[in-house]
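Some notes on the structure that comes next.
As the structure is a prediction and not an experimental result, all values here were calculated from the model.
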Amino acid sequence: MSKLPLLAVGVLPPFLVERLRDTYDYHHIADEQGWTDALTTLAPQIRAIAATGESKVPRSLQDRLPNLQIISVFGVGYDGVDAVAAHARGIAVTHTPDVLTDDVADMAFALLLSTARAVVRADGFVRAGHWARGPHPFTRKVSGQRMGILGLGRIGAAIAKRAEGFGMSVAYTNRKPVPGSLYRYVADPVTLAAECDFFVVATNGGAATRGLVDAKVLAALGPDGILVNIGRGSVVDEPALIAALESRQIAGAGLDVFVDEPHVPAALLAMENVVLTPHMASGTTTTRHAMAALAYDNLAAHFAGHAVLTPVPTA
Ligand code: 8YV
């Protein structure tokens, strides 16, 4: 039996590509710009797209595939996929929630601690031999401080749980209060920033959250405040963040995500009060394999005529 053609969009890990190649007639493009005449010929037979949390699968790309049935995202975030357009055509969209929650929450704390306690800077201090000339400057206490979380979904809740372990008080803002949550809800990001020491962005990307952390939020966070972003770069107004860091309007930032990945603004690269990581919060071997298995299994379930395992919400 001939293999079903599948189109991969973006950079999938080799172990997922290998499994997909075994099962499907695998074709790959980085993004829609990579579309070829050969794909135009094949398009009517393509029923599946495999994508990542960073891939762009706009309506225009979906429209090139008249018989597309499923878009399987390797990642929990799917802001690059026009899921509304897909659902309107009856195309299933799946993602990989839960399996990555702990790693992303761990990374939020890694960034929070390394920014507040200047771990990276202190490492450079030791390596450069400065220690012999005197002590490292004092850093910022984390335990017992106030944590503010933007977006109390699965990952936000896992961050809150870790914050409890650090004896921190937790407040959050969300589209609406989370039923049953014992954490303190505040109505908007400015109020949250004014009432916390560490402001952690754990919300989805996309139009609804674009630029939510703006100059006003950063001003409210204040000169002792630290911003951590493990959500999406688009949620933070990056020029406003750079201005706030340069003028020490906030104390520092720990950032795993950026507006134009993999490009990071030169201004951020030059700053000492930031810790920068390359969108790797879910990037442990264990978790990336679990994500790959789930992304694969969603496709397999669909083509076996079963319900997909982890569809994205339709609303
Ligand atoms: C991955 C992510 O970077 O899950 C997400 O939404 O952004 C990440 O876990 C990505 O999907 C892997 O390329």
| field | Value rounded to 0.5 Å, distance of CZ in R64 from OG1 in T40 | value |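 So the CZ of R64 and the OG1 of T40 are separated by 6.5 Å.
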
| Are any of the side-chain nitrogens in D102 or R162 under 4.0 Å away from the carboxylate oxygens of its partner? |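 A salt bridge is present here (some side-chain N lies under 4.0 Å from a carboxylate O).
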
| query | So does D197 pair up with R140, basic N to acidic O under 4.0 Å? | reply |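 A salt bridge links D197 with R140.
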
[Y] versus [X], side-chain donor and acceptor atoms under 3.5 Å:
{"X": "E18", "Y": "Y26", "value": "no"}
{"X": "T310", "Y": "N298", "value": "yes"}
{"X": "R146", "Y": "S169", "value": "no"}
{"X": "S72", "Y": "Y296", "value": "no"}
{"X": "D103", "Y": "S282", "value": "no"}
{"X": "T191", "Y": "D188", "value": "yes"}

| Cluster link V274 to V201, ILVMFWY, side chain under 4.5 Å |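 V274 and V201: one cluster.
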
| request: Answer with yes or no whether the hydrophobic clustering places V9 together with L12; edges join I, L, V, M, F, W, Y residues whose side-chain heavy atoms lie under 4.5 Å apart. | output: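 Looking at the clustering, L12 is in a separate group from V9.
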
| Heavy-atom check, side chain of W35 versus side chain of L7, under 4.5 Å |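 Counting from C-beta outward, W35 and L7 do come under 4.5 Å.
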
| message | Under the side-chain contact (heavy atoms from CB on, under 4.5 Å) test against V57, which residue among L65, L68, D31, I71 passes? | response |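 One option only clears the test, and that one is I71.
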
| Name of the residue among L241, L150, D237 meeting side-chain contact (heavy atoms from CB on, under 4.5 Å) with V213 |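 Testing each of L241, L150, D237 against V213, the sole residue satisfying side-chain contact (heavy atoms from CB on, under 4.5 Å) is L150.
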
| field | Aromatic contact, F166 with F109 (centres under 6.0 Å) | value |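 Yes, they do, as the ring centres are separated by less than 6.0 Å.
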
| said: Please give me the minimum heavy-atom distance between R121 and N273, naming the atom from each residue. | reply: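 Nearest heavy atoms, R121 then N273: NH1-CA, 4.3 Å.
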
| said: For H289 and F15, take the angle between the two ring planes, folded into 0 to 90°, and tell me which bin it lands in: parallel under 30, tilted 30 to 60, perpendicular over 60. | reply: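 Ring orientation, 0 to 90° scale: parallel.
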
